[in-house]
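We name chains A, B, ... by the order of the sequence lines, and we start the count at 1 in each one.
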2 protein chains.
Amino acid sequence: MGSLTEENYIKSIYALSQATGEVFVSELAKKLAVKLPSVNSMMKKLGAKKMVSYAPYKGIRLTEKGKKEALSIIRKHRLAELFLVKIMELGWEEVHDIAEQLEHVDSNRFYNRIDEMLNYPKVDPHGEPIPDINGKIFNDKRIPLSGVNEGVTVRILAVSDDKKSFLDHLNSKGLFIGEKVLVKRKEVYDGSVVLTNKSKTDLMLTHQVAERIWVEV
Amino acid sequence: MGSLTEENYIKSIYALSQATGEVFVSELAKKLAVKLPSVNSMMKKLGAKKMVSYAPYKGIRLTEKGKKEALSIIRKHRLAELFLVKIMELGWEEVHDIAEQLEHVDSNRFYNRIDEMLNYPKVDPHGEPIPDINGKIFNDKRIPLSGVNEGVTVRILAVSDDKKSFLDHLNSKGLFIGEKVLVKRKEVYDGSVVLTNKSKTDLMLTHQVAERIWVEV
DNA sequence: TTAATTTGTTAGAAGCATCTAACATTTTAA
DNA sequence: TTAAAATGTTAGATGCTTCTAACAAATTAA
Ligand SMILES: [Mn+2]
Ligand SMILES: [Mn+2]
Ligand SMILES: [Mn+2]
Ligand SMILES: [Mn+2]
């Protein structure tokens, strides 16, 4: 395990390279709120430690070692979030910031016990999969709510943003993980969608919100 | 709140200055496993921040501000330890190292919730008092087991050492907080004591162990 | 009460993570 | 296909925490 800073770099590289397998220095700098030269230095260091493969002017990739490290941190983050919600009864909108700190706690006892108390859970409070102790991740097929056609009923699987402001917004709309919703209307002009669920009156979400909600048909 | 390093200095200053109100640079250096000049630099910094009062070649004292900070960290440490024992069912011998990490978590929500779940507890798993949210500490009158006379029955209140090796030792002897024991014999030569409790056969403790156990008559 | 010992300080350097300013490369657009 | 824009690198500096080496003050013991 590296320093707290190294862990945060590795976690961000993992997140940002999900799609294409690599990240650019500038993306990473933006995500971590540091300047490009800071990223550049750190890539040299993580390169020397064989956590990333990195060549000047080329994209950054995690090595197998780096990926394993990333998954271990993500596991701890998501277990912590679920623990905070399920055992400590905090809201799903307030656990991310605490988990950002707890994910760096170094104690197998602590995390194995959490895992046990939660009965080896598969997903966190935001619907994101929790890597198992070997770094294996369950992979469902999910699409963004913004991509669902009118008339189709879907189940909310996950959210791709776990910041408080976004989740407060969903709370105010009464949306939650596991809920079934019908896409009643999709506006061509601005991408906004109107949903219904059995009990409630219609619900309008902007594209900005709909694209952050993962669903399965 | 200062850096993690500053927090650890403040906590150690508090612990070591309990008796006399001040600590020497060398004691602090020993406790924190750093060299004297490191302590010296940090004292200048904490002095500038009004956390300690410090003059060259003089003892170090916490200011009121520093004391408040120390008590806040100690509160978090002890709440964490009790949470780990009571809610997460870890052993009292394995929680200190985890609490050393958790005490630096910055989240009122997290700690207030722990406090609530534990029903506003007064003592940690090692019998040490937990400062309340205002830094107030309950103060019992306790004496070391090594100072108890033969023939006297006492109740174990606390241990002054929460390192695993010591608590493993107590576990192996079957001793725990709250237990009543009779001091059957005190050896003049080496200060060792022989105890009895109702159910068990006699128990011998060295002076080294007995002086780390706080009791009330 | 002087000398030896213990304790504490200063000076200067190092590693970590960050920054700004200047420069280099790569990509994109004219 | 060159010029402009975007992206990335290097050099050099800073703040933080630590260190060693050299020196200074305070304490203790002869
Ligand atoms: Mn999160
Ligand atoms: Mn999450
Ligand atoms: Mn402890
Ligand atoms: Mn304790």
B:Asn40 vs C:dT9: side-chain N/O to OP1/OP2 distance below 4.0 Å: yes
Ring centre gap for A:His96 and A:His77 strictly below 6.0 Å: yes
Nearest to side-chain heavy atoms of B:Pro37, which nucleotide of D:dT20, C:dT20, C:dA24: D:dT20
Nearest-neighbour nucleotide for the B:Leu36 side chain, D:dG8, D:dT18, C:dT9 considered: C:dT9
Sugar-phosphate only, base, or nothing, as touched by B:Ser41 at under 4.0 Å among non-hydrogen atoms: base
Steps toward side-chain contact (heavy atoms from CB on, under 4.5 Å) verdict (A:Glu116, A:Asn112): CA-CA 6 Å; A:Glu116 197 173 46; A:Asn112 289 341; over 6 Å; no
Side-chain N or O of A:Tyr9 closer than 4.0 Å to phosphate OP1/OP2 of C:dT18: yes
Aromatic plane relationship, A:His126 with A:Trp92 - under 30° parallel, 30 to 60° tilted, over 60° perpendicular: parallel
Spacing between A:Met43 atom CE and C:dT18 atom C1', to the nearest angstrom: 14 Å
side-chain N/O B:Lys35 vs D:dA21 OP1/OP2, d < 4.0 Å: no
Atom-to-atom span, CG of A:Leu4 to P of D:dC16 - whole angstrom: 17 Å
Distance in angstrom units between A:Asn8 CG and C:dC16 P, rounded: 17 Å
Side-chain (A:Lys30) to main-chain (A:Lys35) donor-acceptor, under 3.5 angstrom: no
Touch class at under 4.0 angstrom, heavy-atom based, for B:Lys44 against every strand present: sugar-phosphate
Presence of B:Ser26 side-chain N/O under 4.0 Å of C:dG8 phosphate oxygens OP1/OP2: yes
Atom pair distance, as rounded to whole Å: CD in A:Glu27 and P in D:dA6: 16 Å
Nearest-nucleotide pick for A:Val25, side chain only, options being D:dG8, C:dT18, D:dC19: D:dG8
Selection from C:dC19, C:dT9, D:dC19 that lies nearest to any side-chain heavy atom of B:Tyr54: C:dT9
Distance, rounded to the nearest Å, where A:Phe24 contributes CZ and C:dT26 contributes P: 13 Å
B:Lys58 side-chain N/O to D:dA26 phosphate OP1/OP2 under 4.0 Å: no
Along DNA chain C (nearest heavy atom to each residue), the more 5'-positioned of A:Pro56 and A:Met42: A:Met42
Proximity to the side chain of B:Tyr57 - top-ranked nucleotide from D:dT18, C:dT18, C:dT9: C:dT9
Sugar-phosphate only, base, or nothing, as touched by A:Thr5 at under 4.0 Å among non-hydrogen atoms: sugar-phosphate
Basic-acidic side-chain contact under 4.0 Å: A:Arg185, A:Glu150: yes
